[in-house]
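Each remark here refers to the structure printed beneath this line.
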There are 2 protein chains.
Amino acid sequence: MSKKEDILKAATLLFATNGFKETSMTEVATMTNAASATIFYHFKSKEALFLSVLNSVKDGIIEEFSHYFDEKKFSTGLEMLEGTVSFYLYLAGNKAEWFLLLHRYYPYELAKKNNTCRQSLEDIYNCFVDIFEKALVQGQADGSIGKLSQRKTALLILSTVDGMVRFKNCNLYDAGALYNELIAVIRRIAAT
Amino acid sequence: MSKKEDILKAATLLFATNGFKETSMTEVATMTNAASATIFYHFKSKEALFLSVLNSVKDGIIEEFSHYFDEKKFSTGLEMLEGTVSFYLYLAGNKAEWFLLLHRYYPYELAKKNNTCRQSLEDIYNCFVDIFEKALVQGQADGSIGKLSQRKTALLILSTVDGMVRFKNCNLYDAGALYNELIAVIRRIAAT
DNA sequence: AATATAACTGATTAATCAGTCAGTATAGTT
DNA sequence: AACTATACTGACTGATTAATCAGTTATATT
């Protein structure tokens, strides 16, 4: 792995676990056994480093979901919906840094004044909502899911699942302990 | 209003809109027409100021919900559930600073090492979950809500509503535009 | 009016941090 | 070997920041 990739990885972890302002370029440098000037050689500013981090997280998320749906095939829309929820929770555990980063406020603040940031965030959330929506559309077509507003319900399901992950990341409640009830709620929402 | 209250109010707004690290004591001082040393006279440190802010937010939230349920009476648990959801959304708009503060990561980070902080957050979230739970219990008793795990479903409903508010605060999606679908989803979850 | 307590402030300090720059090491090409 | 481009670094700077403290002003109390 190149030094630049090293820096990106370390920065992802530090921005996710400590926050943007709370992470110093010196910390990133120390973690990668580099001089702090090296970071500025590869990334023109701290903000630019953050944008690269967010972009790589975006790529990672899209790739992970893409792989999952390449391998897995579902016979009904409801099955796909439940599978997506499960995979979302799995990913939130397996790639905790990504979701920690997305559950901080900084990215959304930066998005207000930076279009690259805005675009990365939109790509990420569209990826999520699109998949939930697709499951709902398929489910309505095959009769496994009842009549409801597809896009908006997709958003609400994302809101529920993501809210649970946030609760877990904030040490408020354990997402795992709620898994069965979450699936039960999803089935009630999808009920015909 | 006393200067100390002035400072608390200004700090609430600044911590909520800009974050803890991103807010300087000088800013708080400027906003309240005081010298920065005055802030340190009333609050022994920046962290102590934050703890006071969080505690006052806790008091505010508990008082607001207490008032609402004093005035409003519900004939069924389902009505109470819908009323609570509506009031939560109303409050998130009317006291946006409170929810912005709670949607930042800093409070939960501080809670890891500070028990006062932990306690305030627990009080706030217990207040939310308790009310949703009470509505579910009542609804099951009066037959307006189906059989489900009360505490865990209460948590999931909070997760959905709070997730929506967070999406709005992050400028991702508009909570208002989802109101009708949210109520529809709540009814599906509560269905007998 | 005298005294005491609380509220407030200007000036300062020590530390931290993003970013710069002049220069060195490394690797690839001819 | 000479040349070039890329990768990397140590030393520095200017700005910002939380916190301190000695001292001043305002408010009550006697």
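Bear in mind the structure is a predicted one, so any value in this text is a computation, not a measurement.
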Could you give the [atom1]-to-[atom2] distance, from [X] to [N], as a whole number of Å?
X	N	atom1	atom2	value
A:E47	C:dC17	CD	P	19 Å
B:F40	C:dA7	CZ	C1'	16 Å
B:L49	D:dA19	CG	C1'	14 Å

With the sugar-phosphate defined as primed atoms, P, OP1 and OP2, and the base as all remaining atoms, what B/S/- string results for nucleotides 6-13 of chain D, 5' to 3', for protein heavy atoms under 4.0 Å?
SBBBB---
Cluster overlap B:L100 with A:L172, hydrophobic side-chain contacts below 4.5 Å
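In one cluster: no.
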Please report, to 0.1 Å, the donor-acceptor pairs under 3.5 Å made by any side chain of residues 179-187 of chain A, with sequence neighbours excluded.
from: A:Y179; atom 1: OH; to: A:S86; atom 2: OG; distance (Å): 2.6
from: A:R187; atom 1: NE; to: A:E82; atom 2: OE2; distance (Å): 2.7
from: A:R187; atom 1: NH2; to: A:E82; atom 2: OE1; distance (Å): 3.1

For A:F74 and A:Y68, take the angle between the two ring planes, folded into 0 to 90°, and tell me which bin it lands in: parallel under 30, tilted 30 to 60, perpendicular over 60.
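Aromatic pair A:F74/A:Y68 classed tilted.
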Parallel, tilted or perpendicular: which describes the rings of A:Y108 and A:Y105, with under 30° parallel and over 60° perpendicular?
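Rings of A:Y108 and A:Y105: tilted, as their planes differ by 30° to 60°.
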Using a distance-only test with no angle check, is there a side-chain donor-acceptor pair under 3.5 angstrom linking [X] and [Y]?
X	Y	answer
B:D123	B:Q119	yes
A:D162	A:Y88	yes
B:E27	B:T23	no

Under a 4.0 Å heavy-atom cut-off, which of residues 15-30 of chain A touch DNA chain D?
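Correct list: empty, so none.
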Measure all distances between protein nitrogen or oxygen atoms and nitrogen or oxygen atoms of nucleotides 22-25 of chain C, and list the pairs falling under 3.5 Å.
none

Going from OG on A:S24 to NZ on A:K46, what distance comes out if it is rounded to the nearest 0.5 angstrom?
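Nearest 0.5 Å value for the OG-NZ distance: 7.0 Å.
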Within 6.0 Å of NZ in A:K113, more than 12 heavy atoms from elsewhere
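No, NZ of A:K113 has 12 or fewer neighbouring heavy atoms, counting only those of other groups under 6.0 Å.
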Side chains of [X] and [Y]: closer than 4.5 Å at any heavy-atom pair?
X	Y	value
B:W98	B:I124	no
B:F69	B:F87	no
A:D59	A:E63	no

Quick one: side chains of residues 134-147 of chain B, donor-acceptor pairs under 3.5 Å with protein atoms, not counting sequence neighbours, listed by atom name and distance.
from: B:Q140; atom 1: OE1; to: B:Q150; atom 2: NE2; distance (Å): 3.1
from: B:Q140; atom 1: NE2; to: B:G146; atom 2: O; distance (Å): 3.2
from: B:Q140; atom 1: NE2; to: B:L148; atom 2: O; distance (Å): 3.1
from: B:D142; atom 1: OD1; to: B:S144; atom 2: N; distance (Å): 2.8
from: B:D142; atom 1: OD1; to: B:S144; atom 2: OG; distance (Å): 2.7
from: B:D142; atom 1: OD2; to: B:G77; atom 2: N; distance (Å): 2.8
from: B:S144; atom 1: OG; to: B:G77; atom 2: N; distance (Å): 3.4
from: B:S144; atom 1: OG; to: B:L78; atom 2: N; distance (Å): 3.1

Atom pairs under 3.5 Å: protein N/O with N/O of nucleotides 23-27 of chain D:
none

